[in-house]
Amino acid sequence: QGARLNALVHALLTLARAHTDARAVSPSAVPVEELLVDVADDVADVADALGLPQFSLASVSTGGPFALATAARLPDRVRAISLISSPAPYREPSSLVGMDIRSRLMLVWLPRFAPWLLGPIWKRLAQLSDRDPAGLLRMVADTMPSSERRAISSPEIAEVFMDSAYEAFRSGIDGVVMEQRLLARDWGFAVGQIDTPVWLWHGEEDGASPVTMARWLAAELPKCRPRYLPGRGVIVAGDVMPEAIATLAWHWSSSGGAT
């Protein structure tokens, strides 16, 4: 079963990357009126190609809103969700309490009021990722609490970070800009109407997605089981992802899912 799972994950990543690359060719590839919830149609296409009538979703950081959007659009197909360090809707004022100024500038204000500035900023970061990934890592680490700086400086986490940065910019910056603009808009669905079971992990020292966002999500989602991690920031995925996957697997088997 391990080999089958590895093949399935590889196929999923390959198909998802193909969809993402196709949409990130140019900004005009994404209609101005598109909402975050519309991306769920791409997830449905990938699941259909893999022959998956139902599935569960594990998400990290801004992957969380996309997982929630998929559950909102495809309630009969998404069995459960894990959210790790997920933001809440940026248009919800109470969820922004505690967000650091740099994150608020990049994630909320620029996408909403000056989206034309996102391209030059991300172009510079993409160049830094290509020419000096260790420098980009140091720059990001400087924005984190001391506990997270130690974590991101470990060889294992540093390698994941630099690989992720490469993948993020591999097809250019348009996909990243598109994601920011979708997240800053109305998401196109009400979080409180999602009836899917959700498990949530969140560091209490997260400055980009402050714990107020996690508490807002936990209050809005009818079937959310939150866990808040004292002294931790955004770099918690490496520690909690095994637990998140195991939780989804337990829910899948205990609720009658086939292996």
Side-chain angles (χ1 to χ4, degrees), residues 24 27 36 59-66 83-154 157-158 160-169 172-187 200-217 228-238:
L36 180 70
S59 65
V60 177
S61 188
T62 52
F66 290 91
L83 301 176
I84 302 174
S85 304
S86 176
Y90 295 140
R91 288 181 173 270
E92 176 56 42
S94 63
S95 72
L96 299 181
V97 176
M99 177 183 273
D100 64 60
I101 191 67
R102 278 181 285 196
S103 297
R104 193 170 294 205
L105 175 66
M106 283 294 296
L107 301 175
V108 182
W109 294 337
L110 289 184
R112 193 176 298 173
F113 302 115
W116 60 88
L117 292 176
L118 293 174
I121 292 172
W122 282 111
K123 183 177 181 180
R124 171 63 182 136
L125 292 174
Q127 291 171 343
L128 187 60
S129 173
D130 184 51
R131 298 172 185 172
D132 185 15
L136 178 61
L137 179 66
R138 289 192 298 271
M139 184 178 71
V140 172
D142 286 343
T143 68
M144 296 179 173
S146 57
S147 61
E148 299 303 280
R149 287 198 294 271
R150 290 192 297 271
I152 201 172
S153 298
S154 70
I157 299 297
V160 170
F161 173 87
M162 289 187 280
D163 287 346
S164 298
Y166 170 79
E167 280 297 318
F169 300 121
I173 63 170
D174 292 331
V176 180
V177 173
M178 174 197 77
E179 177 181 302
Q180 278 196 267
R181 297 189 69 179
L182 288 177
L183 289 168
R185 297 175 185 170
D186 181 273
W187 288 0
L200 180 153
W201 291 261
H202 208 99
E204 292 185 347
E205 301 301 318
D206 193 332
S209 297
V211 70
T212 51
M213 290 191 173
R215 298 188 192 282
W216 186 92
L217 288 170
Y228 308 111
L229 307 173
R232 297 303 305 274
V234 68
I235 309 297
V236 298

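Hydrogens, waters and symmetry mates play no part in the numbers below; they use all other heavy atoms, side chains included.
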Do [X] and [Y] come within less than 4.5 Å of each other through their side chains, counting heavy atoms only?
{"X": "Leu229", "Y": "Glu205", "answer": "no"}
{"X": "Asp206", "Y": "Val211", "answer": "no"}
{"X": "Leu183", "Y": "Leu107", "answer": "no"}
{"X": "Met99", "Y": "Thr212", "answer": "no"}
{"X": "Trp187", "Y": "Leu182", "answer": "no"}

Query - Phe169 vs Gln127, side chain to side chain contact (heavy atoms under 4.5 Å, CB included): CA-CA, chis, key distance, verdict - result: CA-CA 9 Å; Phe169 300 121; Gln127 291 171 343; over 6 Å; no
Query raised in the report: Roughly how far, to the nearest 0.5 Å, is CG of Leu118 from NZ of Lys123?
Result: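 Going from the NZ atom of Lys123 to the CG atom of Leu118 covers 14.5 Å.
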**Report entry** Interatomic spacing from CE in Met106 to CG in Leu117 - rounded to 0.5 Å
**Finding:**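 Answer rounded to 0.5 Å: 9.5 Å.
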**Report entry** By side-chain contact (heavy atoms from CB on, under 4.5 Å) - contacts of Asp130 (at least two apart)
**Finding:**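 side-chain contact (heavy atoms from CB on, under 4.5 Å) list for Asp130, sorted by chain: empty.
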**Report entry** Counterpart residues, side chain to side chain donor-acceptor pair (under 3.5 Å), relative to Trp122 (two or more places apart)
**Finding:**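 Trp122 satisfies side chain to side chain donor-acceptor pair (under 3.5 Å) with Gln180 only.
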**Report entry** By side chain to side chain donor-acceptor pair (under 3.5 Å) - contacts of Thr62 (at least two apart)
**Finding:**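 Result, side chain to side chain donor-acceptor pair (under 3.5 Å) vs Thr62: Glu179.
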Requested in this report: Could you pull out all residues at least two apart from Phe66 that satisfy ring pair (Phe, Tyr, Trp, His ring centres under 6.0 Å)?
Outcome: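 Phe66 satisfies ring pair (Phe, Tyr, Trp, His ring centres under 6.0 Å) with no residue once adjacent residues are dropped.
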Query - Non-neighbouring partners of Trp216 that pass ring pair (Phe, Tyr, Trp, His ring centres under 6.0 Å), sequence neighbours left out - result: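 None.
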In residues 83-94, what donor-acceptor pairs under 3.5 Å come from side-chain atoms, sequence neighbours left out?
from, atom 1, to, atom 2, distance (Å)
Arg91, NE, Ala184, O, 3.3
Glu92, OE2, Ser94, OG, 3.0

Report task. If a pair satisfies side chain to side chain donor-acceptor pair (under 3.5 Å) and one of its residues is in residues 103-114, list it, with sequence neighbours excluded. Result ->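 Every pair satisfying side chain to side chain donor-acceptor pair (under 3.5 Å) with a residue in residues 103-114: Asp100-Ser103.
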Requested in this report: For the pair Ile121 and Leu110, evaluate side chain to side chain contact (heavy atoms under 4.5 Å, CB included) and give the outcome as yes or no after the intermediate values.
Outcome: CA-CA 11 Å; Ile121 292 172; Leu110 289 184; 3.6 Å; yes
Query raised in the report: Which atom pair, heavy atoms only, marks the closest approach of Leu96 to Val108?
Result: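 Of all heavy-atom pairs spanning Leu96 and Val108, the closest is CD2-CG2, 4.3 Å.
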Requested in this report: Would you name the heavy atoms of Glu204 and Pro230 that are closest together and state the gap between them?
Outcome: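 Heavy atoms of Glu204 and Pro230 come nearest at OE1-CA, 3.5 Å.
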